[in-house]
Amino acid sequence: MISFTPATPPGSETELLHRAAQLAGKTLAQLAQTIDSDIPSQQRHAKGWIGTAVESYLGASAASKPEPDFPQLGIELKTLPVNRHGRPKESTYVCIVPLTGLTNLTWEHSNVRKKLARVLWVPIEADPGIPLATRRFGNAFLWSPDVAQEMDLRTDWEEIMEMIHMGDLSAINSRFGKVMQIRPKGMNARALTRTETETGESGLTLPRGFYLRASFTHEILERRKA
DNA sequence: TACTGATCATTC
DNA sequence: GAATGATCAGTA
């Protein structure tokens with residue numbers, strides 16, 4: 001796998017941005033060579049490879065912890081697959097949806113807010129016709145939600161979390177939420193996790209994750225250019 | 001063709 | 001199983 005030992009984690013936003021800027025225009029093959037990794041032959045069986053490779057290159061703490069990728073800087077790293085028109089091809093996973101211990105859980109203390117407070121977006125070409133090895137990175141940039149964006153995120157989060165707390169999880173599908181939705185997030189449709197409602201009733205259900213809609217990340221990209 | 005629901009790999 | 005990194009693939 002990835003045996004490249006990255007330099008020390010970036011000590012500042014400026015340093016992180018400087019490192020990320022080096023990716024612009026580079027191909028996945030060049031990145032793979034730099035970190036001494038191999039391009040997966042089938043992305044179907046290596047869905048997270050690009051994200052992990054960029055983490056390694058930038059010196060992110062490689063761990064599956066519910067924390068930002070750069071804890072000292074409070075910055076989350078997200079690669080963003082875009083098509084030839086520069087439009088995000090996929091939604092963006094944020095974090096797992098909490099289904100237990102929901103009493104007194106507020107937006108201010110939510111993992112969604114913590115993760116999205118500051119994000120380093122790294123666009124990368126993702127047209128099916130382009131082989132993984134020759135796909136190029138775009139210009140990385142830092143983002144924090146503006147007032148309107150945070151309000152949209154908060155509204156979606158609160159609506160969804162209230163329904164879950166009330167025990168209406170089964171009524172929520174991915175059509176809920178203006179800018180952020182919840183969808184299954186597990187190995188398959190047989191994966192189960194515990195739920196607990198306001199009244200203490202518990203049960204088992206599919207694990208879910210929060211995802212940013214592609215329309216929302218598209219807006220983020222567009223606003224950067226303005 | 002966009003979107004929703006399903007799925008894949010890895011670490012702990 | 002739970003969290004990370006995400007994309008796949010059927011269908012509306």
Side-chain angles (χ1 to χ4, degrees), chain A residues 1-4 6 28 31-32 35 37-71 75-85 87-101 110-112 114-116 119-132 135 137 156 160 169-196 202-219:
Chain A
M1 305 312 303
I2 297 174
S3 55
F4 162 79
L28 276 181
L31 172 62
I35 64 174
S37 183
D38 292 311
I39 300 280
S41 54
Q42 289 186 271
Q43 194 171 23
R44 177 183 176 187
H45 297 298
K47 295 181 182 180
W49 184 83
I50 299 175
T52 307
V54 175
E55 281 186 347
S56 178
Y57 178 77
L58 295 177
S61 38
S64 53
K65 292 180 293 187
E67 289 178 5
D69 296 297
F70 302 97
I75 294 175
E76 175 72 12
L77 171 67
K78 292 290 180 197
T79 56
L80 189 61
V82 297
N83 65 20
R84 58 184 169 174
H85 304 298
R87 193 175 189 87
K89 188 188 170 198
E90 297 284 351
S91 53
T92 300
Y93 170 68
V94 179
C95 62
I96 211 74
V97 177
L99 300 176
T100 59
S110 68
N111 283 141
V112 172
K114 283 176 198 161
K115 289 245 181 183
L116 299 183
V119 178
L120 177 68
W121 295 101
V122 181
I124 180 159
E125 290 177 330
D127 289 287
I130 309 176
L132 274 185
R135 293 188 188 179
F137 287 99
D156 287 345
I160 289 167
L169 176 59
S170 60
I172 312 176
N173 55 30
S174 54
R175 294 168 181 80
F176 282 76
K178 176 185 172 189
V179 300
M180 186 169 66
Q181 60 185 173
I182 71 171
R183 300 217 305 278
K185 175 61 174 174
M187 274 302 283
N188 51 48
R190 274 85 66 195
L192 292 175
T193 191
R194 225 168 64 76
T195 58
E196 191 173 73
S202 64
L204 292 173
T205 188
L206 277 173
R208 322 291 167 104
F210 283 110
Y211 294 81
L212 300 180
R213 294 183 178 280
S215 54
F216 184 63
T217 49
H218 181 239
E219 175 190 307

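Keep in mind that this is a model prediction, so the values were computed, not measured. Below, chains carry the letters A, B, ... as their sequence lines are ordered, and counting in each starts from 1. All values below come from the heavy atoms of this structure, side chains included, with hydrogens, waters and symmetry mates left out.
- Judged by closest nucleotide on DNA chain B, A/Asn83 is the one of A/Ser174 and A/Asn83 placed further toward the 5' end.
- Between A/Val179 and A/Leu212 the shortest side-chain heavy-atom distance does not fall below 4.5 Å.
- Contact annotation for A/Gln42: no contact, since no heavy-atom pair falls under 4.0 Å across all strands.
- Among the heavy atoms of the strands lying under 4.0 Å from A/Arg190 are primed sugar atoms or P, OP1, OP2 only; no base atom is included.
- Comparing the local axis fitted to the first five base pairs of the helix from B/dT1-C/dA12 to B/dC12-C/dG1 with the one fitted to its last five gives a bend of 20°, rounded to 10°.
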Stepwise side-chain contact (heavy atoms from CB on, under 4.5 Å) test for A/Ile182 and A/Asn173 = CA-CA 7 Å; A/Ile182 71 171; A/Asn173 55 30; over 6 Å; no
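- A/Pro81 comes within 4.0 angstrom of sugar-phosphate atoms only, judged by non-hydrogen atoms across all strands, and of no base.
- Between A/Leu77 and A/Val122 the shortest side-chain heavy-atom distance falls below 4.5 Å.
- OP1 or OP2 of B/dA9 lies within a sub-4.0 Å distance of a side-chain N or O belonging to A/His45.
- For A/Phe70, there are no ring pair (Phe, Tyr, Trp, His ring centres under 6.0 Å) partners, not counting sequence neighbours.
- Here the CG atom belonging to A/Asp69 is positioned 9.5 Å from the CG atom belonging to A/Leu58, to the nearest 0.5 angstrom.
- No side-chain heavy atom of A/Ser56 sits under 4.5 Å from any side-chain heavy atom of A/Ser37.
- Note on A/Gln181: a side-chain N or O is less than 4.0 Å away from OP1 or OP2 of B/dT4.
- Residues A/Val94 and A/Asn111 are not in side-chain contact: their nearest non-hydrogen atoms beyond the backbone lie 4.5 Å or more apart.
- Atom NZ of A/Lys185 is separated from atom SG of A/Cys95 by 10.5 Å, given to the nearest 0.5 angstrom.
- Residue-level contact check: A/Tyr211 touches the bases, meaning some heavy atom is under 4.0 Å from a base atom.
- A/Asn188 has its CG atom 15 Å from the P atom of C/dA9, to the nearest Å.
- Checked by distance alone, A/Lys47 brings a side-chain donor or acceptor within 3.5 Å of a matching partner on the base of B/dT7.
- Nucleotide C/dT4 holds its P atom 11 Å from the CD atom of A/Glu55, rounded to whole Å.
- Taking atom CG of A/Leu132 as the reference point, atom C1' of C/dC8 lies 13 Å away to the nearest angstrom.
- What separates CZ of A/Arg213 from C1' of B/dG5 is a distance of 13 Å, to the nearest Å.
- A/Arg44 meets the salt bridge (charged side-chain N to carboxylate O under 4.0 Å, His left out) test with no other residue; sequence neighbours excluded.
- For A/Arg183 and C/dT7, a side-chain-to-base donor-acceptor distance below 3.5 Å is present, hydrogens and geometry of angles not being considered.
- In this entry the distance linking CH2 of A/Trp49 with P of B/dT10 reads 14 Å, nearest Å.
- Among the protein residues, A/Lys89 comes within range of the sugar-phosphate backbone only, with heavy atoms under 4.0 Å from sugar or phosphate atoms but none that close to a base.
- With rounding to whole Å, A/Tyr93 atom OH is found 12 Å from C/dA2 atom P.
- Using a 4.0 Å heavy-atom distance criterion, A/Gly48 is classed as a base contact.
- Within 4.0 Å of A/Pro184, counting heavy atoms only, lies at least one base atom of the nucleic acid.
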For nucleotides 10-12 of chain C, print each protein N/O atom paired with a nucleotide N/O atom at under 3.5 Å, atom names and distance only.
none

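- Between A/Glu90 and A/Met187, it is A/Glu90 whose nearest contact on DNA chain B lies nearer the 5' terminus.
- In the region residues 123-130 of chain A, proximity to DNA chain C at under 4.0 angstrom, judged on heavy atoms, holds for none of the residues.
- Note: A/Lys115 NZ to A/Lys78 NZ = 5.5 Å, rounded to the nearest 0.5 Å.
- Checking the phosphate oxygens (OP1, OP2) of C/dA6, a side-chain nitrogen or oxygen of A/Thr79 falls inside 4.0 Å.
- The residue A/Ser91 sits close to a base: some heavy atom pair falls under 4.0 Å.
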Begin with the C-alpha distance, continue with both residues' side-chain angles, and end with the deciding distance and a verdict on side-chain contact (heavy atoms from CB on, under 4.5 Å) for A/Arg208 and A/Ile96.
-> CA-CA 6 Å; A/Arg208 322 291 167 104; A/Ile96 211 74; over 6 Å; no
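- Considering only side-chain atoms of A/Asn173, the nucleotide from C/dC8, C/dA3, B/dG5 that sits closest is B/dG5.
- Listed candidates were B/dC8, B/dT7, C/dA9. Nearest to the side chain of A/Arg44 is C/dA9.
- Between A/Thr193 and A/Lys78, the residue anchored nearer the 5' end of DNA chain C, judged by the nucleotide with its closest heavy atom, is A/Thr193.
- Between atom CZ of residue A/Phe210 and atom CG of residue A/Asp156 there is a gap of 9.0 Å, rounded to the nearest 0.5 Å.
- The NZ-C1' distance, from A/Lys185 to C/dC8, rounds to 13 Å in whole Å.
- Side-chain atoms of A/Leu99 and A/Thr205, non-hydrogen and from C-beta on, do get closer than 4.5 Å to each other.
- Among residues two or more places apart in sequence or in another chain, the side-chain hydrogen bond (donor to acceptor under 3.5 Å, both in side chains) test is passed with A/Arg183 by A/Ser91, A/Gln181.
- Comparing A/Ile50 and A/Lys115 by the nucleotide of DNA chain C that holds the closest heavy atom to each, the one mapping nearer the 5' end is A/Lys115.
- Atom pair A/Phe210:CZ and C/dG5:C1' shows a separation of 19 Å (rounding to whole Å applied).
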